[in-house]
Amino acid sequence: MNCEKSRELFADYIGGELSQSDARELKDHLSTCQACRQELSLLSSTKAALKVGWPDESIPQSLTFEFLKPSPQRFSSQLGWFSLPKFAWISLAVSACFIVCLWSLALLRTQIQIENGKFKLSFGQPVQLVSTNTPTQLNSLAPLKVNNEVVQALIAQVLERFEQNQNTKLQQALQEAKAEWEAKRNADFVRIAKEFKYLESTQNVVWKEAVRNSSVLDALARDLYVKTNSSVPVQQ
Amino acid sequence: MGLIRLADKDLVQRVVRGDGEAFNLLVARWEKKLFNFAFRLTGDREDAFDVCQDSFVRAYEQIRQLKDASKFPHWLFKIARNYCISHYRSERKLPKLEGPNGGDNELDLESLLFSHSPVRIDNGRHQFEPNELRLIVERALEYLPFEQRETIVLKIYEGLKFSEIAEIAECPVSTVKSRLYLGLTQLKKILTNSQRGVP
């Protein structure tokens, strides 16, 4: 190994990454070359002087990124509206637009008509109910007029029918309950009459038994009297 | 298992998933090394602090672009290195010379090197006043080209491998070795000259 090749390995030696084979060759060269030995010694000393001369310092102010720390406010915002996915935002926007359009049409008293397959839109027209005298045609649709009074009339009809149905159902229920109550009352009367007849019959049996017992007692008393009087001579 | 026991790679993966605390832990682990790296490259404490702060912010913004999470430290050094290059190009002037305690000890290099400074580097034994050696080393590093200074800082102070330095500096390994040798040779001359100033 010559001096040029030897100095190519100086960086590896200083950096601590010299292979064993290169280290062996370098050692052999340094043992015979005073100049390279001195050069490498000075480079090593320079490295040591650098490390000693400028030691590590503490950072003046420790770095902490406060915005990365979780806070309740940040957490709530993450769970709030801002965390909605994109399609949810689009859906909300479309729904809001639709509601605003409907509200605007209602404010302008909009009337929508479909006649002969043509779509007509008018605003602020006077209220006109659908005429029953208008002849119907097969190829055309009758004019459809929508206004508040018609809607109110329809709602009133629906409510009236609903009320009638409710009344009918209530009356039917009352009649059924009355019939059931009367049937139950009649059954009770029949049961009470039967029990009364049974009690009456029982009383008759008791009375008959009492009568029979008294007659038996009378017979016994008469026999005893006869026997007693027969032992004493009858004075004529 | 607490975050503090996790390796850098695992912390990086947590940061990618949005864990800010994991990133703050990475900052706590690497802020000192990054600050000293930037300080030795810029030569100014305040600039080094700014570089350090900007580097971490950039790292957080671009951490999803880091393909190999285990290379986070080298990637971070590369970001800081680019900030230092920007600083080097924008300043175009010698940075302020500061003592270890942050004082503005403005000294002329030549007068310092050839003064009666008792610096000796013979056989690795140093006889010096600590503050003076600090000034000599700072000034000597400033005289080096940026590439040589960067290589010496990464190798001598940070202890990176040649391959890792090559990755950060975006150059071949042979170039890194060459820069280290040339830089050390230059520094050796400066320090030897300072030694010659000893009567």
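The sequence lines fix the lettering, A, B, ..., with proteins before strands; numbering per chain opens at 1.
Side-chain contact between A:Ser58 and B:Phe35 is absent, with no heavy-atom pair separated by less than 4.5 Å. B:Lys177 has its side chain out of reach of A:Leu9: every pair of non-hydrogen atoms, C-beta onward, lies at least 4.5 Å apart. Within the 4.5 Å cutoff, the side chain of B:Tyr181 has no heavy atoms near those of the A:Ile14 side chain.
Among the candidates B:Leu34, B:Val27, B:Val15, the residue making the largest number of heavy-atom pairs closer than 4.5 Å to chain A is B:Val27.
Only the side chain of B:Leu180 has a heavy atom closer than 4.5 Å to any heavy atom of chain A. For a residue to count as touching a neighbouring chain, one of its non-hydrogen atoms must lie under 4.5 Å from one of that chain's; by this rule A:Glu8 does not touch chain B. For chain A, no part of B:Arg179 is nearby; none of its heavy atoms comes within less than 4.5 Å. Contacts of B:Thr185 with chain A are made by both backbone and side-chain atoms, with heavy-atom separations under 4.5 Å.
Within the structure, ring-ring contact (aromatic ring centres under 6.0 Å, His included) contacts touching residues 26-54 of chain A (residues at least two apart or in different chains) are A:Trp54-B:Phe39.
Annotation: B:Tyr157, atom OH; neighbour count of heavy atoms from other residues, nucleotides and ligands within 6.0 Å is above 12. Atom CD of A:Glu195 has more than 12 heavy atoms from other residues, nucleotides or ligands within 6.0 Å. Around atom CD of A:Gln20, no more than 12 heavy atoms belonging to other residues, nucleotides or ligands sit under 6.0 Å away. Crowding of A:Gln166 atom CD: a count of heavy atoms from other residues, nucleotides or ligands under 6.0 Å exceeding 12. Counting non-hydrogen atoms of other residues, nucleotides and ligands closer than 6.0 Å to CD of B:Gln62 gives a total above 12. Enclosure of atom CZ in A:Arg161 is not indicated, since only 12 or fewer non-hydrogen atoms of other residues, nucleotides or ligands lie within 6.0 angstrom.
In terms of modelled atom types and a separation under 3.5 Å, the side chain of A:Glu17 and the main chain of B:Phe162 share a donor-acceptor contact. Between the side chain of B:Lys155 and the main chain of A:Gly15, a donor-acceptor pair closer than 3.5 Å is present.
Note that OG of A:Ser45 and CG of B:Leu184 are 11.0 Å apart. Values are rounded to the nearest 0.5 Å.
Residues B:Arg45 and A:Glu57 are paired through a salt bridge, judged by an N-O separation under 4.0 Å between the basic side chain and the carboxylate. In summary, B:Lys188 and A:Glu39 engage in a salt bridge, as defined by a charged side-chain N under 4.0 Å from a carboxylate O.
Nearest heavy-atom pair, A:Ser62 versus B:Glu31, reported as atom, atom and distance to 0.1 Å: OG-OE2, 2.9 Å. Here the shortest heavy-atom pairing between B:Cys52 and A:Ile59 reads SG-CD1, 4.0 Å. Between A:Ala49 and B:Val137, the closest heavy-atom pair is O-CG2, 4.0 Å.
Of the options A:Leu42, A:Leu43, A:Thr46, a side chain to side chain contact (heavy atoms under 4.5 Å, CB included) to B:Leu187 is made by A:Thr46 and by none of the others.
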Verdict with reasoning, A:Asp56 to B:Arg40, per side chain to side chain contact (heavy atoms under 4.5 Å, CB included): CA-CA 10 Å; A:Asp56 279 352; B:Arg40 286 167 182 138; 2.7 Å; yes
